[in-house]
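Have a look at the structure below before the remarks.
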Amino acid sequence: MKFLISLAFKNLTRYKRRTLITAGAIAFGLMMYIFIDSMLAGAEIESVRNLKWFETASARILNDEYWENRFQKPLDLSISNPDRIIQTLENNGIRATKRIVFSGDLILNADDFGEDGNLAATITAIDPVRDFRVFGFGTTLIEGRFLEPGEDAVLLGSWFAEDIGAEVGYWITFVTRGNGGFYEAMDLEVVGILNCPNPNVNRALLMMPISTADEYLDMDGAVTEINVALPDNADVPMEVERIQEMLNGDNLTVMSWEAMAVDYLALAEAKRGGTSTILFLIFIIAAVGISNTMLMAIFERIRELGMMRSLGMSDTKIRLAFMIEAAGIGIIGSAMGIVLGILANLYLVNVGIDYGFLLRDMDIGYRLQAIFRGVWNPGTMIKAFFIGVIISTLVAWFPTKRALKMDIPACLRHQ
Amino acid sequence: MKNRLLIVMTILTVLAPSLLSALTGEEIVRKADDMQIFETSEATGEMIIKDRFGTKVSTFNSWSRGSEESLIEFTSRAERGQKVLRTEDELYLFYPDAEELIRMQGSMLRQSMLGSDVSYEDMTGGKDRVSQYDVELLGEENVKGHDCYVLMMTANVRTVPYPKEKVWIDKETFLGWKAEYYTKSGRLLKEIEILKVEDFDGRLVATETRISDKMKTDTETIMILHDLKIDIPIDDNMFSLEELSW
Amino acid sequence: MNTKLIKTALRNISRNKRRSILSGTAIAVAAMSIVALFSLIEGMTDDMAFNLKTYYTGEVRVKHIDYETYERYNPMHLTVDWESVDRALGDEKTVSTYVPRITFPSNLYIGGSNFGAMGVGADFELEADFQDLASSLKAGRLPQNGTNEMMMGAILARDLKLKIGDRVTVMSTTAARGTNAITLEIVGLFAFPVGALNSKYFWIPLDRAQYFLRMDGGVQEVLIKLKDDVTSRGAAPGIKAAVENIAGTEMDIRPWEELSTTYGMLKMAQMIYNFIAMFFFLLGSTVIINTTMMVIFERMREIGTLGALGMHGKELIRLFFFEGTIISMIGSAVGVAIGIGLTLWLGEIGIDYTDALSGMDFEMSAIVFPKLSVAKTVFVYFYSVAIASAATFIPSRHAAKIEPVDALRYV
């Protein structure tokens, strides 16, 4: 056995070029596979992250009846004692923040915007201190500054700002109905513009300090939702249950992000099917590339095989020798492939492919940033490695078997 | 129940009292109230709506009984046969081509009526206006030649659409000539102004009123009543749901 | 000289069938996958274009000149006069078919609550020439012009728990800038190949929409499909002139490519697809290059023999080039042929993406029929041949340079 291994090793090093080309085929196939897998998985993970960081948080506490009526954004279906709940949550080591979400008419003034106009919009009132502990807006500021508690100010998503032609320093008027139904109008200064990586948010985002909104809307400290951040590795359903228990009897419901984004997740699930089709096609091409090169390498050596047989080496040993050699090429190729894959992935993970300008006006379902980023997926790499080695080894088996059936002179004459 | 007919009957049946019968001090309240007690009323009218796309005119017939029941039937071509029924508790819309009555509730009430400056909600509120608003006499002012009390009414509940109303009530006739609606912070939302009145045995009733939604650009609605008759006999079933779909 | 080389090349190829087949299949598989992928992309973009043209914009769209400016305010009163547009389009030589449409946001009043939905007023007789409505009908029948009937997107009906025979009251803003409501009976459920249409839309007869929305003879838009031999950009100005001449007013008449959002979406989808195609190309090319190189390096000893027999470097290169070219021509041909076959087969039965696309606001059909693009297929063929042939240069040049003695020793 040791002999066979050393023979295989010698062969590998002796025929460097062949080894390299065959291994190269494997390496390239693997690299492509890893790269595309990383890209697709990246898109998926990124969009889930964008969903949690900018839309749903990990879980949300709502009034029992709110979810059913969420499209009306009712202020009366609220949580009356948010601070106590947040305190309870924080005592249990859970980060939480309160928000008031309300809709109304945004009035654009000709003084700033050049033309009078109004459009329906939704404002999210946030706790300027706590919100960043739960949501990911902290790093999204591209112009101006963040909100300060109690000021009459608003932050806009960059696409929204662009749509209405708003700039930092402009004033907007927002007309809405306060808690109970009374008219309220607020003048808010645009103090900052956020470039939120979640296109759905970036296209419609208006944010103001919750204390200001509380006063305008007469909420008496009530809020429409409390958002909760859980660690990435948390067991969300269990945590949701635990939070639900903490709230017992308050007519409040805790919803996990999965429950809130159920449509989106169904879509993602379905997309995974499409993704695997692409990966499968990639795999086929790569596999054909690998096996063809490998087949060729073996067939070209039938003469050599005949030589070994004529010298009295047993068929089993010959077969083993060839397969070990093939496995060796597979290992080299797969290792190279993984190294190349990692290198390509380094770029994909750290820099990414920017194509955001194209996403500007559309909803493609994926909640992605302008940048397609990869992720590290060790599982795929390990899987790819083994598949690379196994395919090479298996592919060596057939021609060897066939050659071993031929008589020795035929082998020796073989071209 | 005390029956009052509002100055702008029909469409503004209830909106108007929230403006014009504003009370401050027992005297003004009582007198303004007295001025507006009508058993019933009937009128034809038109609504001239101006917005960013131009001007359009809708005509209607209207009936009212007391302060809480009213019926408007539109007669202009674009909305012929459409009816708006206000009963004590509800607001219903009848469309000739629809097989069911549409009961306006919740956020549906916030829609504007026929694209005018008047919302359905404007027609329903104001039932217990005195209990919903604190009234303060600010002083006196002359409005188009009429000496008026200026009153500021501040809502003490959240369920009224307009947190603040400023009204000008004639010192002599106790007619509200003008009203302005504000947000709590004092931003002007709507403006109502009486342009023409008719004298019924010493009682003045507005027959032409301008309403302007200040949150929209360049819009105003002018309501004109013709052939206004008051305290006439009206079919008892006029304001029932069954009658609505005839 | 060259014929002799080609003969030698052919002999070499047929002598070592297995090797030829191996390198040929590599090329074939690569060519096939690329052809198949291109066809799939072509099918998808074509389908998107078809859906955009059929359901949203037509190839050329006629609208009121100010409609887009005020779109935000739902300007139902900004209509075009159907009679005069009809008259103008009837005489236009570039026009194949055209339909009037009215799309109106509305509320469905069900059980005391309002549900938002989009209505479409369409002339079901004219639509028959414009699109295959019958095949989109999932249950029931099409509404009849002149009756208070509607057909509803199957998903919308499911969401609202409505079925055929139910009567629904629709409320909407009219062209008179008032409101109106009408009760219509659901007579059919449709499933258009576009998910969004099925979850948000209902269709009613155009004349009922005109009556209900108080549009008189006006319609919101006219969608035009053109004859095959004209382009939308080419035909639009002529149509615009003709329509405006008869109607006597300026109108917004533009080819669908200029109706930015829709066409941009198509462009973006194309880009994403091309991105994926690029990877296939890259991978396919590597497989081809690799196999070809392998073949030549494996034949170093043969090269030595040929060299010893006096074949010059350039001739050697040419010989291998011919060999590679012939193999790749055959391989590509086979691959492209299989790709075409696969495409035609899938083009018949279609690939069902229904699950993957539900809930997506994307103008792509749930079932995609791959479509062969002749130009692209030809391109793939020559590309594969070129890559394979070019790939022979590297090793054969190397081979040509080494001394016959070294080549003979080469392992």
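Proteins come first, then strands; the chains are lettered A, B, ... in the order of their sequence lines, and each starts at number 1.
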Kindly indicate whether the side chain of Asn148(C), heavy atoms from C-beta on, has any atom under 4.5 Å from the side chain of Glu99(B). no
Taking all non-hydrogen atoms of both residues, which atom of Thr169(C) and which atom of Ala98(B) are closest, and how far apart? CG2-CB, 3.7 Å
Note: Ala181(C) and Ile102(B) closest approach over all heavy atoms is CB-CD1, 3.8 Å
Using a cut-off of 6.0 Å, state whether more than 12 heavy atoms not belonging to Asp218(B) lie near its atom CG. no
Sidechain-backbone polar pair: Arg177(C) side chain, Gly115(B) backbone, donor-acceptor under 3.5 Å: no
Just wondering, do Asn180(C) and Glu79(B) contact through their side chains at under 4.5 Å, heavy atoms? no
Residue from Ile182(C), Leu184(C), Asn107(C) scoring the most non-hydrogen pairs under 4.5 Å with chain B is Ile182(C)
Report, as yes or no, whether the 6.0 Å neighbourhood of atom NZ on Lys50(B) holds more than 12 heavy atoms from other residues, nucleotides or ligands. no
Just jot down the salt bridge (charged side-chain N to carboxylate O under 4.0 Å, His left out) partners of Arg158(C), sequence neighbours excluded, or say none. none
Once you round to the nearest 0.5 Å, how far does OH of Tyr120(B) lie from OG1 of Thr179(C)? 4.0 Å
Who pairs with Glu125(C) by salt bridge (charged side-chain N to carboxylate O under 4.0 Å, His left out), at least two apart in sequence or on another chain? none
Residue part contacting chain B, namely of Thr174(C), when any heavy atom lies under 4.5 Å: neither
Measure Gln82(B) against the heavy atoms of chain C and call it side chain, backbone, both or neither at under 4.5 Å. side chain
State, with a plain yes or no, whether a side-chain heavy atom of Tyr95(B) is found less than 4.5 Å away from one of Thr183(C). no
Side chain, backbone, both or neither: which part of Arg77(B) has an atom under 4.5 Å from a heavy atom of chain C? both
Could you pull out the closest heavy-atom pair between Arg103(B) and Tyr109(C), with the gap in Å? N-OH, 2.9 Å
Is it true that, when you exclude Lys144(B) itself, more than 12 heavy atoms of the residues, nucleotides or ligands shown sit nearer than 6.0 Å to its NZ? yes
What residue in Glu100(B), Gln105(B), Met104(B) has the most heavy-atom pairs under 4.5 Å with chain C? Glu100(B)
Cut-off 4.5 Å, heavy atoms of chain B, and the answer for Phe212(C) is neither
